[in-house]
Amino acid sequence: MKIILSGVKPTGIPTLGNYLGALRNFGKFQEKMKDYEFFIFVADLHAITTPQDPLELKQNIRNVAALYLACGLKPENLTLFIQSEVHEHAEMAYIMQALVYMGELERMTQYKDKVLKQTQGVSSALFTYPALMAADILLYDAKFVPVGDDQRQHLELARDLAIRFNNRFGKTFTVPEGLIQEKGARIKDLQDPTKKMDKSTDNDRGCIFLLEPLSQIRKKIKAAVTDSDACVRFDPEQKPGIANLMTIYSVITEKSFGEIEAMYDGKGYGDFKSDLAEIVVKEIAMIQERYHYFVSSQELTTLLDEGRLRAHQLAQKKLKTVYQKMGLGR
Ligand code: AMP
Ligand code: TRP
């Protein structure tokens with residue numbers, strides 16, 4: 001049995017970046033990789049590494065679960081579950097904490113960035129976050145992990161920890177590989193194309209949320225920061241704003257940058273942005289329609305119940321093996 005695994009944190013509403021870098025790909029990989037089982041979960045334990053309101057968290061967990069299906073995941077070959085409902089994740093995370101070095105965690109760029117932004121106290125869980133992520137992956141011997149570019153370093157650490165454990169205690173874990181799409185893996189903020197588009201932004205105008213009103217999405221795209229050159233050309237260095245919009249265009253329509261440049265040759269940014277706004281709105285309208293169906297459906301509840309059982313079965317077995325290999329217990 002071969003497993004592909006990924007997760008999304010239920011901290012707020014997922015963004016167009018989450019969709020293009022991760023959510024959208026899950027369904028696509030499912031179509032291509034039919035002999036794999038897909039383990040996709042809501043990473044709620046990861047969410048509490050920064051303060052969360054309990055009622056909002058509960059709602060966001062259901063939202064992310066529904067959005068997985070709305071964005072194209074199919075129930076066949078799918079184990080859909082909620083991280084905290086499979087208690088082995090927290091236990092395996094502790095094992096990974098015993099394995100990882102302080103220096104390795106200190107090097108994580110996401111941690112360094114978040115610490116700079118956080119005004120209140122920084123929790124120790126924010127620091128050990130990559131150990132929990134390694135636990136998520138290694139518990140199921142996942143072969144592939146589809147994520148956006150910002151998770152590359154965490155994934156590399158999960159690989160190192162798998163190798164370290166195998167060397168110390170004998171072959172136990174599959175060494176996972178990232179599946180990072182070349183295009184769309186790092187969608188940028190529409191107001192500041194040097195930053196990634198992120199749910200926890202202080203300027204909502206730069207971020208498109210999958211569940212926001214379509215009219216607002218249109219406005220945000222039309223107001224996206226560009227340059228004064230007025231030529232639709234892919235040049236991430238000189239023209240980061242336009243390059244980002246072209247990336248969004250290209251991933252959704254599956255047109256190459258060359259094709260898009262040719263289509264808008266001699267036209268200004270106005271036409272390009274209007275067309276892009278309609279393309280994005282059409283895509284998100286479809287997602288929202290499916291989301292409204294799934295979010296209150298019994299189908300989703302049943303899938304999550306079944307997913308919890310299946311995930312727990314595998315996780316329990318793996319954790320037992322790990323404890324044995326390490327000499328824990330009697
Ligand atoms: P998160 O919301 O941090 O749990 O991220 C969920 C998934 O979306 C991960 O695979 C991220 O790598 C991916 N992701 C987050 N932000 C972006 C972005 N701006 N562009 C592309 N992928 C992203
Ligand atoms: N850390 C990931 C993020 O912030 C979410 C995540 C948690 C994840 N555990 C995972 C992704 C395991 C892939 C595999 O985006």
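Ligands are counted one by one from 1 in listed order, and the atoms in each one are counted from 1 as well.
Atoms of ligand 2 found under 4.0 Å from any heavy atom of Val147, numbered from 1 in the order shown, are 11 (C), 13 (C). Close contacts between ligand 2 and Leu5 involve ligand atoms 12 (C), 14 (C) [criterion: under 4.0 Å to a heavy atom]. Under a 4.0 Å criterion applied to the non-hydrogen atoms of Val8, ligand 1 contributes the atoms 4 (O), 6 (C). Interface of Val145 with ligand 2, defined as ligand atoms under 4.0 Å from a residue heavy atom, comprises 13 (C), 14 (C). Listed by number with element, the atoms of ligand 1 under 4.0 angstrom from any heavy atom of Lys9 are 1 (P), 3 (O), 4 (O). The contact set between ligand 1 and Ala185, taken as ligand atoms under 4.0 Å from a residue heavy atom, comprises 20 (N), 21 (C), 22 (N). Of all atoms in ligand 2, listed by their number and element, those nearer than 4.0 Å to a heavy atom of Ile137 are 12 (C), 14 (C).
A salt bridge links Glu278 to Arg218: one of the charged nitrogens lies within less than 4.0 Å of a carboxylate oxygen. We find that Arg107 and Glu156 are not joined by a salt bridge, their nearest charged nitrogen and carboxylate oxygen being 4.0 Å or further apart.
At least one heavy atom of Met133 sits closer than 4.0 Å to an atom of ligand 2. Residue-ligand proximity: Ser6 is placed with every non-hydrogen atom at 4.0 Å or more from ligand 1.
Phe127 is listed as a side-chain neighbour of Glu106, based on a closest heavy-atom distance under 4.5 Å. Between Phe41 and Glu85 the shortest side-chain heavy-atom distance does not fall below 4.5 Å.
Protein heavy atom nearest atom 8 (O) of ligand 1, with residue, atom name and distance: Asn18 ND2, 3.0 Å. Protein heavy atom at the shortest distance from atom 23 (C) of ligand 1 is Gly17 O, 3.5 Å. At the shortest separation from atom 7 (C) of ligand 1 among protein heavy atoms lies Ala22 CB, 3.6 Å. Summary of contacts: the protein heavy atom closest to atom 20 (N) of ligand 1 is Ile187 N, 2.8 Å. When only non-hydrogen protein atoms are considered, atom 4 (O) of ligand 2 lies nearest to Tyr129 OH, 2.7 Å. Shortest contact from atom 11 (C) of ligand 1 to any protein heavy atom: Asp150 OD1, 3.2 Å. Summary of contacts: the protein heavy atom closest to atom 2 (O) of ligand 1 is Lys199 NZ, 2.7 Å. Summary of contacts: the protein heavy atom closest to atom 10 (O) of ligand 1 is Gly148 N, 3.0 Å.
Within the 4.0 Å heavy-atom criterion, the part of Phe41 lying near ligand 2 is the side chain and not the backbone. No part of Ala43 comes within 4.0 Å of ligand 1, judged by heavy-atom distances. Contact annotation: for Leu132 versus ligand 2, there are no heavy atoms closer than 4.0 Å. Counting heavy atoms closer than 4.0 Å to ligand 1, residue His46 contributes nothing at all. Under 4.0 angstrom from ligand 2, there are no non-hydrogen atoms of Leu155. Here Arg186 has backbone heavy atoms under 4.0 Å from ligand 1, and that is the only part of it that gets that close. Heavy atoms of Gln151 found under 4.0 angstrom from ligand 2 belong exclusively to the side chain.
Ile3 and Ile40 fall into different hydrophobic clusters, where Ile, Leu, Val, Met, Phe, Trp and Tyr residues are linked whenever their side-chain heavy atoms come under 4.5 Å apart, directly or through other members.
The residue among Gln151, Arg24, Gln110, Met197 with a heavy atom at the shortest distance from atom 16 (N) of ligand 1 is Met197.
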Working for side-chain contact (heavy atoms from CB on, under 4.5 Å), residues Gln181 and Phe29: CA-CA 11 Å; Gln181 297 290 80; Phe29 286 128; 3.6 Å; yes

Report the C-alpha distance between Leu67 and Leu211 in whole Å, list the side-chain angles of each, state the deciding distance to 0.1 Å, and finish with yes or no for side-chain contact (heavy atoms from CB on, under 4.5 Å). CA-CA 9 Å; Leu67 278 168; Leu211 299 179; 4.1 Å; yes

Pair Thr301-Glu299, side-chain hydrogen bond (donor to acceptor under 3.5 Å, both in side chains): steps then yes or no: CA-CA 6 Å; Thr301 306; Glu299 194 175 339; over 6 Å; no

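Using modelled atom types and a 3.5 Å distance limit, the side chains of Ser250 and Lys183 yield a donor-acceptor pair. Glu37 and Tyr140 share no donor-acceptor pair across their side chains, judged by distance under 3.5 Å alone. Defined by atom type and a distance below 3.5 Å, a donor-acceptor pair is present between the side-chain atoms of Thr194 and Asp192.
A 6.0 Å sphere centred on CZ of Arg186 holds more than 12 heavy atoms belonging to other residues, nucleotides or ligands. Around NZ of Lys195, the count of heavy atoms belonging to other residues, nucleotides or ligands within 6.0 Å exceeds 12.
When each of Lys2, Arg152, Lys143 is tested with Glu177 by the rule salt bridge (Lys or Arg N to Asp or Glu O under 4.0 Å), just one qualifies, namely Lys143.
The aromatic ring centroids of His312 and Phe81 lie 6.0 Å or more from each other.
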